[in-house]
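Comments concern the structure below.
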Amino acid sequence: MIVTNNPLLSRTIQKSAATLFLAWIIAFVLLFYYTLNFNWFASIADSLITNVFLGLCCLVLSLVLRFYQPKQEIVLFVIILTLVLSAATAFLSRFLLSSLFVNYQSYILFLNFSLPFRFIILFVFLAWCAFANVLWYRLEEQSEMKERLFAAQNLAKEAELNKLRHQLQPHFLFNSLNSVYALTIVNPKEAGVMITKLASFLRGTLKRDDEVWVSVAEEMEYIQLYLDIEKVRFSHRLNLDIQIDENTLGLSLPGTLLQPIVENAIKFGLYNTSGAILISVLVQVENNLLKISIQNPYDPEVKSAGGTGFGLTAIRRRLYLLFADSSLLQTASLEGNIYLTTLKIPQKI
Amino acid sequence: MIRTILIDDEPLARDVVKHYLNNFPDIEIVAECSDGFEGIKAIAQHHPDFIFLDIQMPRINGFEMLELVENPPVVIFTTAFDEYAIKAFEVNAADYLLKPIDQERFEQAMHKLPARLRQTALPADLLETAAMSPAQHNRIVVKTNGVIKIIPVAEIHYFEADDDQVKISTADGHFYKNKTMSFFEHTLDNEQFVRIHRSYLINLVQVSKIELKEKDSYVVLLKSGIWLPVSKTGYLKLKTSLGL
């Protein structure tokens with residue numbers, strides 16, 4: 001049950017409710033005095049007592065309905081609640097009024113005679129009030145749901161946009177474009193090669209999807225493109241050692257897993273270190289699993305400053321979603337500040 | 001002659017700037033550096049009139065490097081894509097070139113250069129704005145006795161105001177930084193760091209216990225065994241941060 005605003009919390013409703021309440025009391029005073037010819041005292045007392053009780057009942061109804069509305073049999077619930085409240089009001093006000101005006105014979109007679117009518121009027125009024133409240137809460141709930149739905153949609157859109165932005169890797173893209181530009185000046189022939197590689201890589205990026213498995217041959221070609229581009233940017237210090245076991249070429253893996261791991265190795269091994277470095281990728285079969293091992297050096301100082309280690313949590317979570325096994329990704333720090341990441345992929349039969 | 005240094009970790013990126021500078025015979029490249037540490041050394045050695053500085057570089061980034069240089073020269077930033085940096089530039093007037101660098105834009109920057117060289121070096125608030133970059137939230141770079149140290153923010157016990165400097169206490173000892181207490185109070189995650197006193201900003205993880213010393217006067221014991229005073233407003237902040 002959603003707790004929505006009480007209608008009486010709104011300023012405008014407060015004002016009109018107060019006005020209505022006063023007008024209602026005055027109308028009854030006048031009715032008793034002029035039409036039924038009771039004295040002022042009795043007219044005012046009757047109207048005030050009955051209507052104050054009525055007002056209180058309205059408040060009680062509104063509060064009860066705010067916190068509790070049965071999903072089924074709401075009509076029955078409201079009717080019973082209203083019946084109880086109107087009976088209570090009718091008898092309580094009769095009791096008070098009759099003890100106030102014990103000696104006012106004609107009024108007491110009228111009081112006893114009018115009891116059923118008072119009950120009916122109270123019941124009708126309270127029932128109307130109750131259903132108005134139910135309607136109010138329903139509308140409120142609906143608009144709140146709409147708002148939440150809207151917010152959720154917005155969030156989803158934003159996440160999608162962020163994913164796209166990340167997929168494009170703007171930092172990598174613009175730096176690569178800058179390298180291509182430099183090559184057009186210093187080595188125009190190489191520039192052409194680099195442009196075609198960049199194009200193939202981007203095309204590969206756009207095709208990636210969690211659902212689609214790709215063959216090892218295809219995936220490694222994509223990784224090779226990525227590393228080749230980095231090699232152009234950092235030719236002076238990036239060394240690559242890529243070994244692919246022949247009998248893995250026919251195996252396959254989800255197209256979104258390896259690239260982020262290699263990207264991570266580049267980030268820590270290349271972007272965050274200075275000096276010549278070696279990044280090695282080894283693709284093998286082991287116990288019917290495709291096993292890919294990636295080694296990169298790292299700067300221990302920078303790593304500890306990074307906080308969360310090597311930021312592979314997202315990949316581990318994805319592996320869990322795909323295979324219900326987060327142990328498929330293993331990491332280890334080797335001697336000489338080398339970081340080893342091992343990814344194992346069960347093969348679809 | 002105007003003297004300059006190129007600081008960029010990609011040789012090809014430096015090649016572009018070198019190529020453009022061929023058209024400016026009165027600008028001399030006195031050094032080329034491929035990371036911030038080399039940059040600091042080269043600046044101290046050559047005292048260039050201005051530098052070309054990349055932001056994303058190994059180990060320490062361009063902003064962190066500048067913080068460590070005494071009397072930094074005029075800077076022309078060159079960057080490929082760094083949302084935070086670009087935001088910082090938009091706020092301030094310092095010149096920056098987006099990679100791939102457009103030749104016309106480069107020449108425009110060079111023509112503005114002489115006027116810029118006559119001005120004071122770098123707007124101080126540029127570095128403050130650069131504190132928006134994520135790297136600045138999880139590490140602080142300090143220099144003690146000529147040695148540069150990168151302190152992960154999580155390892156800091158507390159900050160203490162010390163004249164016009166801030167003393168940073170860690171398990172490895174104290175370090176000083178030319179910043180204000182309010183700078184750290186506002187740039188660091190305020191769920192982790194709480195200003196308990198005019199002179200103290202503490203890492204909540206380090207809190208061992210809080211004790212009432214006298215009426216309305218509290219002290220806090222850190223895990224390192226140090227007692228620090230807590231002011232009245234500091235106590236309120238501490239209470240909210242700890243969810244009491």
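Throughout, protein chains are lettered first and strands after them, A, B, ... in sequence-line order, and every chain is numbered starting at 1.
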Spacing of A:T273 atom OG1 and B:R59 atom CZ [to the nearest 0.5 Å]:
8.5 Å
For the student: nearest non-hydrogen atoms of A:H171 and B:A80, plus distance:
O-CB, 4.4 Å
Does B:R105, at its CZ atom, have more than 12 non-hydrogen atoms belonging to other residues, nucleotides or ligands within less than 6.0 Å?
yes
Could you check if a side-chain atom of B:P58 sits within less than 4.5 angstrom of a side-chain atom of A:N272, using non-hydrogen atoms only?
no
Going from OG on A:S274 to CE on B:M57, what distance comes out if it is rounded to the nearest 0.5 angstrom?
10.5 Å
Taking a cut-off of under 4.5 angstrom between non-hydrogen atoms, the residues of residues 179-193 of chain A near chain B are A:S179, A:Y181, A:A182, A:L183, A:I185, A:V186
Counting neighbours of CD on A:E221 that are heavy atoms of other residues, nucleotides or ligands and sit closer than 6.0 Å, is the number greater than 12?
no
Does atom CZ of A:F323 have more than 12 heavy-atom neighbours, drawn from other residues, nucleotides or ligands, at distances under 6.0 Å?
yes
What pairs with A:T342 under side chain to side chain donor-acceptor pair (under 3.5 Å), at least two apart in sequence or on another chain?
none
Which residues in residues 226-233 of chain A have a heavy atom less than 4.5 Å from any heavy atom of chain B?
A:V232, A:R233
B:K99 vs A:N175 side-chain heavy atoms within contact, under 4.5 Å
yes
Would you please go through residues 4-20 of chain B and name the residues with a non-hydrogen atom below 4.5 Å from one of chain A, in numerical order?
B:D9, B:E10, B:P11, B:L12, B:A13, B:D15, B:V16, B:H19, B:Y20
